[in-house]
Amino acid sequence: MDQLTLNTPLDMHLHLRDGDMLELVAPLSAETFSGAVIMPNLVPPVDSLDAVHGYRGRILQAIGKNAFAPFMTLFFRQYSEAELLAAKDHIIGIKLYPAGATTNSEAGVKAIDSVEPTIRLMEEMGMPLLIHGETHGFVMDRETEFLATYRHLATKFPKLNITMEHITTAAAVELLDEFENLRATVTLQHLLITLDDVAGGMLNPHLFCKPIAKRPEDRDALLDAALKAHPRLMFGSDSAPHPREKKECCGCAAGVFTAPIALQVLADLFTKNGCQQNLQAFVSDNARRLYDVTPAEKVVTLVREPFEVPAIYGETVVPMYAGETIPWSVQSVE
Ligand code: NCD
Ligand code: ZN
């Protein structure tokens with residue numbers, strides 16, 4: 001298997017940032033992906049329709065001539081019915097962060113119970129709820145502890161579509177099978193690495209992200225679900241660029257930058273495991289069906305030819321596998 005064609009690849013969890021960083025990273029996603037779910041954790045957060053419009057305009061500017069659909073999200077707060085109705089046709093969903101769980105989430109939710117009125121309205125309007133599912137417990141247990149909240153929401157709001165963002169545990173994969181209204185994204189790094197790769201030897205800040213990579217058995221369960229293209233699992237890179245000085249320092253920011261290598265590495269991973277026939281569903285079809293989106297078609301051909309990953313992009317952002325050679329590259333995009 002030396003060549004692979006993907007139709008309309010989608011990244012269902014992406015951080016594009018703003019300003020110079022947006023200008024640098026947006027084209028790197030827009031070259032190969034047909035669209036992406038854009039995270040709203042800017043400073044200040046994207047939490048009004050005006051902010052959505054403004055940010056979307058800056059993204060379209062930054063991607064230049066590339067055909068790329070930015071699926072916008074609002075940052076979760078308590079919204080009125082009128083606000084939600086006005087926003088409905090301009091967003092793909094609302095992203096809920098527990099306060100302080102990750103980068104730029106200070107304005108997030110302190111107690112989920114207290115925001116159920118907004119969640120109820122979202123359910124009635126058929127508006128998806130995207131969740132960063134971590135508690136404030138022990139770092140390795142935060143996601144499993146949060147599963148009770150997913151369970152509660154999935155039961156109490158049976159018509160609400162809930163996306164468990166960037167799942168990292170075998171337990172989350174199991175929960176996905178229990179509730180029809182749960183779906184999930186998984187990142188590139190969580191299909192590949194464990195905590196050992198982050199902190200088992202010399203500390204690798206470029207693999208440090210939230211949720212932190214877990215145990216080998218968790219990674220294996222995630223990989224297994226992705227390789228078989230679990231019908232409610234989607235690729236969401238969670239590509240989260242930070243300037244090098246915010247990663248290689250004391251107090252490293254959380255986030256792994258994978259956008260420019262994601263499809264190449266997925267091609268390698270799926271072919272290596274003999275599951276190339278399932279990559280299309282994982283990286284596009286599942287998302288199109290679950291979110292009912294029809295982005296412009298883009299055909300990406302990948303080949304088994306070495307790609308030297310740049311050591312740094314724009315003298316600012318260090319990608320995963322910086323300076324290494326990966327076995328697959330993008331041959332053409334039409
Ligand atoms: C993300 C970021 O940097 O915005 N960081 C991360 O480690 N994944 C936020 C997030 O998705 O948690
Ligand atoms: Zn993220």
Side-chain angles (χ1 to χ4, degrees), residues 10-19 21-22 24-26 28-29 33 36-47 55 59 70-76 92-109 128-136 139-140 142-143 146 163-169 172 183-193 195 197-199 203-214 222 234-249 251-259 262 287 313 316-320:
L10 297 171
D11 183 347
M12 301 309 281
H13 182 133
L14 178 64
H15 297 271
L16 287 181
R17 314 302 192 203
D18 213 342
M21 186 65 94
L22 170 65
L24 173 68
V25 302
L28 298 172
S29 285
F33 287 93
V37 174
I38 310 300
M39 290 297 134
N41 61 331
L42 303 184
V43 186
V46 179
D47 69 351
Y55 189 30
I59 292 168
F71 300 118
M72 305 305 292
T73 58
L74 274 171
F75 189 100
F76 189 99
I92 197 164
I94 301 187
K95 174 74 187 284
L96 187 155
Y97 293 89
T102 188
T103 308
N104 303 338
S105 64
E106 293 71 22
V109 170
L129 177 63
L130 287 52
I131 304 185
H132 182 114
E134 288 195 284
T135 66
H136 297 288
V139 68
M140 288 292 277
R142 287 176 190 173
E143 182 173 290
F146 196 88
T163 307
M164 306 158 72
E165 294 294 339
H166 44 50
I167 57 171
T168 59
T169 57
R183 54 279 297 275
T185 57
V186 66
T187 74
L188 185 70
Q189 66 268 21
H190 292 114
L191 298 177
L192 293 160
I193 67 167
L195 184 60
D197 298 286
V198 186
L203 190 68
N204 186 340
H206 298 292
L207 295 180
F208 172 65
C209 67
K210 300 289 180 70
I212 193 94
K214 304 288 188 313
L222 296 164
M234 301 167 275
F235 177 61
S237 72
D238 192 17
S239 180
H242 291 277
R244 182 178 199 164
E245 66 273 14
K246 291 266 164 48
K247 296 290 290 177
E248 298 177 2
C249 64
C252 165
V256 181
F257 181 55
T258 54
Y313 283 85
T316 324
V317 197
V318 178
M320 187 174 176

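Counting starts at 1 for both ligands and their atoms, following the listed order.
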(message) With a 3.5 Å distance limit and no angle check, can you tell me whether T103 reaches the backbone of A254 through a side-chain donor-acceptor pair?
(response)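 Such a contact is found between T103 side chain and A254 backbone.
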(message) Any side-chain to backbone donor/acceptor pair from N204 onto D197? Under 3.5 Å, distance only.
(response)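 Judged by distance alone, no pair lies under 3.5 Å.
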(request) Classify the angle between the aromatic ring planes of F257 and Y313 as parallel (below 30°), tilted (30 to 60°) or perpendicular (above 60°). (result)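 It falls in the perpendicular class, over 60°.
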(message) When you measure from the Zn ion (ligand 2) to the N, O or S atoms of H15, does any of those distances fall below 2.8 Å?
(response) yes
(message) Under 2.8 Å from the Zn ion (ligand 2), can any N, O or S atom of H13 be found?
(response) yes
(message) Looking only at N, O or S atoms in D238, which is nearest to the Zn ion (ligand 2)?
(response)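 Closest to the Zn ion (ligand 2) among those atoms: OD1.
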(message) Using side-chain heavy atoms (C-beta onward) and a distance below 4.5 Å, is Q189 in contact with H166?
(response) no
(request) Measure the distances from the heavy atoms of H166 to every atom of ligand 1 and state whether one is below 4.0 angstrom. (result) yes
(message) Would E165 count as a contact residue for ligand 1, given that I'm defining contact as a non-hydrogen atom of the residue lying under 4.0 Å from a ligand atom?
(response) no
[atom] [closest protein heavy-atom partner, distance rounded to 0.1 Å]:
| atom | result |
| --- | --- |
| atom 1 (C) of ligand 1 | H15 NE2, 3.6 Å |
| atom 7 (O) of ligand 1 | K210 N, 2.8 Å |
| atom 3 (O) of ligand 1 | R17 NH2, 2.8 Å |
| atom 10 (C) of ligand 1 | T102 OG1, 3.4 Å |
| atom 5 (N) of ligand 1 | A254 O, 3.1 Å |
| atom 8 (N) of ligand 1 | D238 OD2, 2.7 Å |

(message) Taking 4.0 angstrom as the limit and counting only heavy atoms of G255, give me the atoms of ligand 1 inside it, by number and element.
(response) 5 (N), 6 (C), 7 (O)
(request) Identify, by atom number and element, the atoms of ligand 1 in contact range of C209, meaning under 4.0 Å from any of its heavy atoms. (result)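 In order of number, 7 (O).
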(message) Could you check whether T168 and K214, counting side-chain N and O atoms only, form a donor-acceptor pair closer than 3.5 Å?
(response)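 Note: K214 and T168 side chains meet the donor-acceptor criterion.
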(request) Classify the contact between V256 and ligand 1 as side chain, backbone, both or neither, using a heavy-atom distance cut-off of under 4.0 Å. (result)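 The answer is neither; V256 stays 4.0 Å or more away.
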(request) Give the contacting part of H242 toward ligand 1: side chain, backbone, both or neither, where contact means a heavy-atom distance below 4.0 Å. (result)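 Only the side chain of H242 comes within reach of ligand 1.
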